[in-house]
Colleague: 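Handing you this structure, nothing more for now.
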Amino acid sequence: MEKLVLIDGHSILNRAFYGVPGLTNSEGLHTNAVYGFLNILFKLLEEEKPGYLAVAFDLKAPTFRHTMYDAYKGTRKPMPEELHEQVPLMKEVLTAMGIPIFTREGYEADDILGTVAKKAQAAGMEVTVVSGDRDLLQLSDAHIKISIPKTSRGTTEVHTYYPEDVKREYQVTPEQFIDVKALMGDTSDNIPGVPSIGEKTATNLILQFGSVNGVYEHLSEVKPPRAKKSLEEHRDLAELSYKLAKICIDAPVEFSPEDARIGDLYTKEAYEYMSRLEFKSLLARFGDHVKKEAAAALDFHAVTDLAVAEALFQKAMGSERTGAVLLAEGPEISGAALCLDGQNAYLIQKEGFLTGEYLAEKMTELYRTGHVWTLGLKSQLPFLDLGYGDTVYDAAVAAYLLNPLKDTYDYDDLARDHLGLTAPSRADLLKKLTYAEAMDQEPEAFLSFAGFLGHCAYQSGGILMEKLEAEGMKDLYLEIELPLIYALYHMEEEGIAVKREELSAYGEKLKQQITVLEQEIWDMTGSQFNINSPKQLGEVLFEKMGLKGGKKTKTGYSTAADVLEKLAPDYPVVQKILDYRTYAKLNSTYAEGLGNFIGPDGRIHSRFNQTITATGRISSTEPNLQNIPIRMELGRAIRKVFVPRDGFVFLDADYSQIELRVLAHMSGDSRLIEAYRSAQDIHAITASQVFHIPLDQVTPLKRRNAKAVNFGIVYGISAFGLSEDLSISRKEALEYINQYFETYPGVKTFLDGLVADAREKGFVSTMFGRRRPVPELGSANFMQRSFGERVAMNSPIQGTAADIIKIAMIRVDRRLREEGLESRLILQVHDELLVETAVREKAQVERILSEEMSRAAALKVPLEIDMHDGKNWFEAK
DNA sequence: TTGCGGCCT
DNA sequence: GCCTAAGGCCGCAAC
C-alpha cells in the first residue's frame with residue numbers, strides 16, 4: 001500500500017527548538033530547530049519508508065477561527081527570535097530536498113493536515129501524520145496514524161496512535177477527543193472551554209453521554225452539581241469551543257499523490273545546505289546513505305515446536321552458562337529468550353503446546369541449575385517458583401553495581417557499556433508495542449528483540465562477574481544484591497492494606513479547607529489567580545501587593561516555604577497561602593495520589609527499585625511509600641489509613657542514628673566511639689563534648705545546634721550549608737565545624753581521607769565494597785568540585801547504612817518464611833522495617849527484628865533499634 | 001519536558 | 001565570588 005507521511009511543520013520545528021540544545025553555525029545563524037527537524041525527518045523516513053511526503057505550515061494571515069472568536073487573536077504566542085529566524089531556513093532546506101510545502105490562507109496547518117490525510121485515506125493510502133501537538137489525535141483513523149516524536153538528550157522517541165491507542169490513553173475515541181477538549185478548554189490554544197470543568201470531569205461526561213450534544217440532551221443527569229450549573233450557564237462557550245477545537249477536514253486544498261512523491265532527497269542543493277549549516281552528522285549521512293548497515297552477525301531462531309523447545313531446554317540445562325529471560329508483561333507470558341553460545345539466540349514463543357505454564361515450568365527448572373544469567377529477575381518472579389536457595393544472576397543489577405550513576409540498565413545499555421556491541425533498543429524494535437502485540441504484529445522485530453536480549457544476558461555472564469570480582473564487589477553482589485531481589489519482590493507482592501473510605505474522607509476534609517482558603521486568599525489579595533502557580537503567586541505577592549523579598553529563582557520570584565515563612569508574621573495572607581499549600585499538597589499527593597494505587601485486593605503494591613540511587617539505597621515508586629508525612633500532625637494522620645489485616649498488628653523497627661554510628665565505626669575516632677557506646681541521646685552528647693558543657697546542662701538550643709552539625713557532617717560538611725540551616729553567619733558555622741573536628745579529630749582525618757582517596761581513585765566505597773564514582777572532583781568549576789567533595793564524604797556513610805539494612809531485610813524476610821511464620825516484611829524506609837505481624841507471633845517477630853537488625857553488621861558501636869507496635873502505621877511509629 | 005515546591009530518611 | 005548541605009519521588013504549571 002502507498003504510504004504518505006504528513007508533517008506539521010511549525011509544531012515539529014517548535015519541538016526541535018526546545019528539545020535540541022542551542023546551535024549556531026559560524027555565520028551566527030541559529031540552527032538547532034532545523035537540525036532537530038531533520039533528525040526527526042530522517043528517523044521517520046527510515047522507519048516508515050514512505051513513498052510520499054509533505055510538510056504543512058501555518059501562514060501569518062488570520063484564519064476562520066479568528067472570525068469566529070476575537071480572543072483567538074491572542075492565541076499565537078510570540079515566537080522567540082531564535083526560532084523565528086529558522087522558519088524560512090527550514091522551508092529552504094525542504095525545498096532543496098524536493099519536499100513539497102503545503103500552506104493555505106485562512107487555514108492552519110492542522111486543517112491542511114486533516115484535509116489531506118482524510119483525502120489520502122479515501123484514496124486508499126496509508127497515512128502517518130507527524131506533529132508535536134496532541135490535538136491532532138482527533139484525526140487518528142483506521143489508516144491514519146498520528147506520530148508524536150519526543151526529543152530529549154539527543155535521542156528521539158516516537159509515540160504513535162491509531163484510534164485504539166487514543167482510546168487506551170484517553171479513554172475516548174478520536175472524534176470524542178474534540179468534545180472533551182471543548183468542555184475542558186485549552187489555555188495554550190486559547191480555547192475557553194466550560195469553567196470549572198477539568199480533564200477528569202470532561203472525560204467522564206463524554207464517556208457517559210457520547211458528545212457535547214449528548215451532554216446537553218441529558219443535562220439534568222449531569223452529576224457534579226457544579227459542572228451542571230456551569231454547563232447551563234455557558235452553553236454558548238461549549239459550542240464555540242467545539243468549533244475552535246475541531247480540525248477542518250474539508251479545507252479547500254487539492255491533493256494529488258503525485259505532488260508528494262519522494263524523489264532523491266540527497267540532492268546537491270541539500271548537501272550544500274547541510275554543509276553551510278555545519279550539520280556534520282547529516283553530511284555523513286548524505287555521504288554514505290547508500291551504504292547498507294552491516295548485517296548483524298548473530299543468528300536468531302524462532303522456536304514454535306514442542307520437540308525443538310524440549311531439546312533446547314535439555315541442552316541449556318546441561319550447558320555451562322545460559323542467558324535466559326522469561327518474556328512476561330502484566331499477567332501474561334509471551335515467550336522465552338534463550339542463548340547458549342555467542343552466535344545463536346532463540347525465541348521460544350508461547351504457541352500451541354508451548355503454553356505459558358509450560359514455559360514457566362521449564363524456566364523455573366532451568367533457573368534452578370544456578371548457571372543462568374538474566375535481566376530483570378524481579379519482574380519475572382511472579383511466574384517462577386524460586387526462592388532464597390536459588391541463585392540467578394541478574395546482569396542489570398551487576399551493571400548497577402559497576403556504575404550506579406546510569407539511568408537505565410537495559411540490554412542495549414549493557415551491550416554498549418560492557419560488550420562492545422551496538423544493539424537496537426526495545427523502542428527501536430518494538431516501538432511502544434507490548435510483547436503480546438509485537439509478537440502478533442511485528443514477529444520479526446520481536447524475534448530480533450528477544451535475540452538481542454538473550455544474547456546480551458549470555459554475554460554479560462562472561463564479563464560482568466569478572467569485573468565485579470576485579471573491583472571487589474563479588475560478595476556484595478552474591479550475598480546482598482542478588483538475595484535482595486527476593487526480599488523486594490516479596491514486599492511488592494505483599495503490599496500494604498489501606499482503608500479506602502478513610503482516605504477519601506480525609507481528602508474531603510482537606511478539599512473543604514482548600515475551598516475556604518482559596519476564597520480567603522482571593523479576597524485578601526484582590527485577584528482570582530491560581531495559587532498553585534508559583535509564577536502567578538509571585539506576581540501577585542511581590543508586584544501587585546508589593547511585598548519585599550525580591551527575585552531568587554531563574555524564572556521569577558521564589559515563593560518557597562522558607563521565603564514565605566519570613567513574610568508570614570507581617571502579612572496574614574502569606575500564612576493562608578502556606579496553609580493552602582499544605583492542604584493542597586496533602587490532598588493531591590497523598591489523599592488522591594495514594595487512592596489511585598489501591599488495588600482490587602484493597603492493598604497498595606508499591607514498586608521497590610534496586611538500580612536507581614547513586615549510593616545503594618532502594619527507592620520506592622508508584623506510589624512512593626518512603627515519603628509518607630510524619631513531621632506535622634495533619635500529615636502524619638495519613639498513616640492511620642495504613643493498617644494490618646485481621647488478626648495482625650504492625651511492628652515497626654528503625655535503626656537509631658545509623659549513619660552517625662557508621663561514621664563512628666568507619667572513622668575509628670575513639671572519642672566518638674566511646675561516646676556512642678553509652679549514649680542514649682547522641683545529639684545531646686555531641687553538644688556536651690563539642691561545647692564543653694556537662695551532659696545534664698545541655699540546653700535544647702545547644703542540642704539543636706549539635707544535631708545540625710551532626711547532619712552536616714553526614715552530608716559532607718560545608719560552612720555555607722550549616723549557616724543556612726541554623727540561620728547563623730558563615731563564620732559562626734565555621735567555628736562550630738572547627739570545634740567539632742577538634743573534639744573528634746579522627747572524623748576530620750577520615751573525611752579528608754575520603755576526599756583524597758576519591759580524587760586519586762575516582763570513586764569512594766562503602767564498608768561492603770559498594771562503589772560510587774565521583775567524576776565531579778576533576779571539575780574546574782568550584783561548585784561542581786565542592787559537590788564532588790560532599791559526595792565523597794556522604795556516599796560511604798549513606799551507602800554503608802544502606803548495605804546494612806539490606807542485609808537485615810534479607811535475613812528478616814528469610815527467617816519469617818523459614819520459621820514458618822505468617823508475618824511478613826512489607827516496607828523498608830531507609831532505616832526502618834515494617835512487618836505485618838500475626839498477633840500470636842508478635843514476640844517471635846520482635847526477637848527476629850531485633851536480632852537481625854542489630855547483628856547485620858559488627859560495628860565498633862552498637863546498632864540500636866527502636867521498635868513499636870500498633871493497629872496502624874501511625875501508632876506503630 | 002523542565003522548574004518549582006514539598007514530602008520522606 | 002561561587003550562592004550547594006546528602007539521597008530520593010511526585011504534582012502542578014508553563015514550556
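Values reported hereafter were calculated over all heavy atoms of this structure, with side chains retained and with hydrogens, waters and symmetry mates removed. As the structure is a prediction and not an experimental result, all values here were calculated from the model.
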Colleague: Whether A:Glu832 and A:Lys877 form a salt bridge (side-chain N of Lys/Arg under 4.0 Å from carboxylate O of Asp/Glu) is what I want to check.
Modeller: yes
Colleague: What interatomic distance, in whole Å, is found between P of B:dC4 and the corresponding atom of C:dA5?
Modeller: 13 Å
Colleague: Report yes if at least one side-chain N or O of A:Ser795 is closer than 4.0 Å to OP1 or OP2 of C:dA6; otherwise report no.
Modeller: no
Colleague: Using a heavy-atom cut-off of 4.0 Å across all strands, would you classify A:Asp725 as base, sugar-phosphate, or nothing?
Modeller: base
Colleague: I'd like to check, for A:Tyr715, whether its ring lies over the base of C:dA6 with centroids under 5.5 Å apart and a plane angle smaller than 30°.
Modeller: yes
Colleague: Where the side chain of A:Asn530 is defined as all heavy atoms beyond and including C-beta, which of C:dA13, C:dA5, B:dC4 is the nearest nucleotide?
Modeller: C:dA13
Colleague: Counting side-chain heavy atoms from CB outward, which of C:dC2, C:dA6, C:dA14 is closest to A:Asn794?
Modeller: C:dA6
Colleague: C1' atom, C:dC3 versus B:dC8: distance in rounded Å?
Modeller: 25 Å
Colleague: Among B:dC4, C:dC2, B:dT9, which nucleotide has an atom closest to any side-chain atom of A:His830?
Modeller: B:dT9
Colleague: Please tell me which of the listed nucleotides, C:dG7, B:dG6, B:dC8, lies nearest to the side chain of A:Ala614?
Modeller: C:dG7
Colleague: Output the single nucleotide from B:dC7, B:dC8, B:dG5 whose closest atom is nearest the side chain of A:Thr553.
Modeller: B:dG5
Colleague: Does C:dC2 have OP1 or OP2 sitting under 4.0 Å from an N or O in the side chain of A:Gln784?
Modeller: no
Colleague: Output the rounded distance in Å from CD1 (A:Ile514) to P (C:dC12).
Modeller: 10 Å
Colleague: Over all strands shown, is A:Val829 touching base, sugar-phosphate only, or nothing at heavy-atom distances under 4.0 angstrom?
Modeller: sugar-phosphate
Colleague: For A:Asn624 and B:dG6, what is the distance between atoms CG and P respectively, to the nearest whole Å?
Modeller: 17 Å
Colleague: Does the cation-pi check pass for A:Lys511 over A:Tyr506, that is, NZ or CZ under 6.0 Å from the six-membered ring centre and within 45° of its axis?
Modeller: no
Colleague: Checking A:Ser131 against A:Ser11: is there a side-chain donor and acceptor pair closer than 3.5 Å?
Modeller: yes
Colleague: Does OP1 or OP2 of C:dG8 have a side-chain N or O of A:Ser620 closer than 4.0 Å?
Modeller: no
Colleague: Between C:dG8, C:dC10, C:dG7, which nucleotide gets closest to the side-chain atoms of A:Arg617?
Modeller: C:dG7
Colleague: Would you please indicate if the ring centroids of A:Tyr744 and A:Tyr740 are separated by under 6.0 Å?
Modeller: yes
Colleague: Using the side-chain heavy atoms of A:Ile630, tell me which of these nucleotides is nearest: B:dC8, B:dC4, C:dG7.
Modeller: B:dC8
Colleague: With a non-hydrogen cut-off below 4.0 angstrom, is A:Ala561 in contact with a base, only sugar-phosphate, or nothing?
Modeller: sugar-phosphate
Colleague: Of all the nucleotides listed (C:dG8, B:dC7, B:dC4), which has the minimum atom distance to the side chain of A:Ile612?
Modeller: C:dG8
